[in-house]
Amino acid sequence: MRRILILLTALVTVLAPLLSVPARAASTHATSARAASASTTVCALYCDTRDPSLAQQETFPTPNVYPNGRTVELHVDDISGMAWASIDNGQTNDSTWIDRSWDGGSTWDGLLGQAWIPSTWTGTRTLMYNMYDPSNHRRAVVRACGDANGVECTNWVHLQVCAASCDGVSSSDSTGNTSPVPDTTLDGRDIALHVDSGGMAWASISGGAAGDEVWMDRSWDGGATWPDGSSEGRLSVPNGATGTQTAEINIDDPLGRLAGGAVRACGRAVTGENGSCTAWARADAVPNRAAADALMWSYDPYNAWWPSSWWNSAVALMSMIDYMRASGDTSQEWIIDHTFQVNKVPFPAGTRSSDPIQGDFISQATDDTEWWALAWIDAYDLTGNQTYLNEAVTIMNYVNTLWDTSSCGGGVWWNTQKTYKNSVTNALYVELTAALHNRIPGDTTWLAQATTAWNWFQGSGLINGSGLVNDGLTSSCTNNGQTVWTYNQGLAIGAAQEMYRATGNGNDLTEAQYLANSAVNSPTLVSNGLLTESCDALNTTCDDNQKQFKGIFMRFLGQLNSTVGGTYNGFIQTQTTSIWNADRDSLNQIGERWSGQGSSTNPNVSDWRTQASGLEALDAAP
């Protein structure tokens, strides 16, 4: 019956609000629940009320219920993270709906998508509703309910988090044991948080007495709330013992695309009825994996970017791709195609950028456009998907129209208003044209453009006498002496390397090393051994663009380091050690200043941009 009605029930779901339906005995409850649920629309990969015919999967994770002989069934699509309910073998005006709870089933939004069986039919179904809300860092459980002159509901689904293992496995079988935060003490007891190498956690209490309690709390929003993860695995110290430990729980929920979960260990002494908890923490056994997890916490899956920066999102995507390549962990590979599909269309000004996006990731800012081309080349290198390389070609065909020999003898304009020729735009142009040649068999056209652009860049004056790259050219085509930013230096290193791969010319590799050596030995870019942006000074702070610059430098330095046999191992290790030991909190959030320093007026800020920058440095580790 379910299969036969697949199209008809979709129609009745649309028409149900228009049908004249007798009031139910529980009409007061239904009205209030319906009003509450109207304000709780959730968007993850898709928004609530998606048609079940679009489901990518259909599973039945819990037994059906049979109110007065009807069949009420819960359907789940774990690929999209959505669920719907159906009722079959019913009569006119029987109904079905979804209940969704954000606190493990204690309370719920009821009557979601309630649909009634119309005259002459024997079944119907709801639309689909999300089981997770990654953008708002919430995890729900759901159930299907039916009313056939009596209400009955299925079990709640996904009460446990299941990844490699499900919540509740024995901690005695764990592999690895780190303590990401200090223990807490309580009346002589020691309460500790433990994390294994697989990203699961458990709590222990020692030095106590029989009847003491220990448990875990789990939060999806960094410890601000934990409505569905309170008192996980709670147990008491048994008679004759002085301590015990809980079972393990997952810190993340990969099925629900909930990265960046946080846990803490809590305990209560049997005497005094008081308790204490550790700080909140995330897994930290593998630095770049931990940093990538914290970065994914900020990814918005519905809009498929990191809000709210256009080019920065391209670079953040690259940092995740580079992480996947460096680690072999492709669990987040889904974001590549998802970001591509959602964002390849046009957007008006203010939606993704202050400029309108024309489609194919093209905007008035040439460098913003080029960053997306580089991201899709990076995606192609990881996945081998020709679609991404084709997109990079489309973007670069557009950028080519901005190459102009009538000003300064060449170079690409920074924007469509043709007001400025600068380093970032032109170093990216060299990198991209050479990269396309290196990936398109038999190409000669892109190589010719890359060669012309590289010769122009080297002769333009953008590289000063100290081997550092200034920001751009004056209207009279001379070096403008503006700030030496780390990302301009890194891009020039990357351009030289890509040209070396394209031509095999040793002079290009020599140039890459010259630019790298100039940077790592420069007091302009390095302070006390650490890469330091001019805006990293304690009396100032970096803007949202500048927060990502150092990571870009490290990306290209890391590539060069691999090419030249580890010449820069020491410098890279200095950066990663300081990032991990001095510039990271217990939630693995990385700050702007890799020294970790801050002041009362200018604290060491952290956000997803600084996180992506730090991740690129960790990705570069040999």
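- The structure places OG1 of Thr225 at 10.0 Å from NE2 of His137, a figure rounded to the nearest 0.5 Å.
- Annotation: cation-pi geometry not satisfied between Arg139 and Trp220 (NZ/CZ under 6.0 angstrom from ring centroid, within 45° of ring axis).
- Interatomic distance, CG of Leu111 versus CD1 of Ile98, reported as 11.0 Å (0.5 Å rounding).
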Run Val286 and Asp329 through side-chain contact (heavy atoms from CB on, under 4.5 Å) and show every step you take.
CA-CA 12 Å; Val286 182; Asp329 173 15; over 6 Å; no
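- Ring geometry for Trp485 against Phe549 counts as perpendicular: the plane angle is over 60°, on a 0 to 90° scale with 30° as the lower cut.
- No side-chain heavy atom of Glu232 sits less than 4.5 Å from a side-chain heavy atom of Gln160.
- Using a cut-off of 4.0 Å between Lys/Arg side-chain N and Asp/Glu carboxylate O, Arg325 and Asp619 are scored as not salt-bridged.
- Checking each of Leu74, Asp77, Leu112 against Trp84 for a side chain to side chain contact (heavy atoms under 4.5 Å, CB included) leaves exactly one that passes, namely Asp77.
- When side chains are defined from C-beta on, Gln573 does not count as touching Asn569, because their heavy atoms never get closer than 4.5 Å.
- A salt bridge (charged side-chain N to carboxylate O under 4.0 Å, His left out) with Glu616 is found for one member of Lys547, Arg609, Arg555 and no other, namely Arg555.
- Under the 4.5 Å side-chain criterion, counting only non-hydrogen atoms from C-beta, Val72 is not in contact with Trp97.
- Side chains of Phe571 and Leu531 form a contact here, defined as non-hydrogen atoms less than 4.5 Å apart.
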Would you please test Arg593 and Asp536 for salt bridge (charged side-chain N to carboxylate O under 4.0 Å, His left out) and show each step?
CA-CA 6 Å; Arg593 301 183 186 95; Asp536 284 336; 5.2 Å; no
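- We find that Glu213 and Arg234 are joined by a salt bridge, their nearest charged nitrogen and carboxylate oxygen being less than 4.0 Å apart.
- At a threshold of 4.5 Å between non-hydrogen side-chain atoms, the residues Trp306 and Met296 count as touching.
- Salt bridge Arg189/Asp212: present, at least one basic N to carboxylate O contact under 4.0 Å.
- Interatomic distance, CD1 of Ile205 versus CG of Leu186, reported as 7.0 Å (0.5 Å rounding).
- Ion pairing between a basic and an acidic side chain is recognised when a charged N comes within 4.0 Å of a carboxylate O; Asp99 and Arg143 show such pairing.
- Between the side chain of Ser206 and the main chain of Gly243, no donor-acceptor pair closer than 3.5 Å is present.
- Applying the 6.0 Å contact sphere to CG of Asp543 captures more than 12 heavy atoms from other residues, nucleotides or ligands.
- Taking the side chain as every heavy atom from C-beta outward, Asp183 and Thr278 never approach each other to under 4.5 Å.
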Should Ser165 and Glu248 be marked as a side-chain hydrogen bond (donor to acceptor under 3.5 Å, both in side chains) after you check the CA-CA gap, both sets of side-chain angles, and the distance that decides it?
CA-CA 9 Å; Ser165 299; Glu248 289 189 286; over 6 Å; no
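- A side chain to side chain contact (heavy atoms under 4.5 Å, CB included) with Phe553 is found for exactly one of Gln489, Gln575, Glu533, namely Gln489.
- Between Thr576 and Pro287, the closest side-chain pair of non-hydrogen atoms is not below 4.5 Å.
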Please lay out, stage by stage, how Asp48 and Arg100 fare under the test salt bridge (charged side-chain N to carboxylate O under 4.0 Å, His left out).
CA-CA 12 Å; Asp48 289 345; Arg100 179 168 61 194; 2.9 Å; yes
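- By the 4.5 Å heavy-atom criterion applied to side chains, His194 and Ser204 are counted as neighbours.
- To the nearest 0.5 Å, the span separating CG on Asn545 from OG on Ser309 amounts to 7.0 Å.
- Atom-to-atom distance recorded for Asn312:CG and Gln546:CD is 11.0 Å, nearest 0.5 angstrom.
- Rounding to the nearest 0.5 Å gives a distance of 4.5 Å between NE2 of His75 and CD of Glu73.
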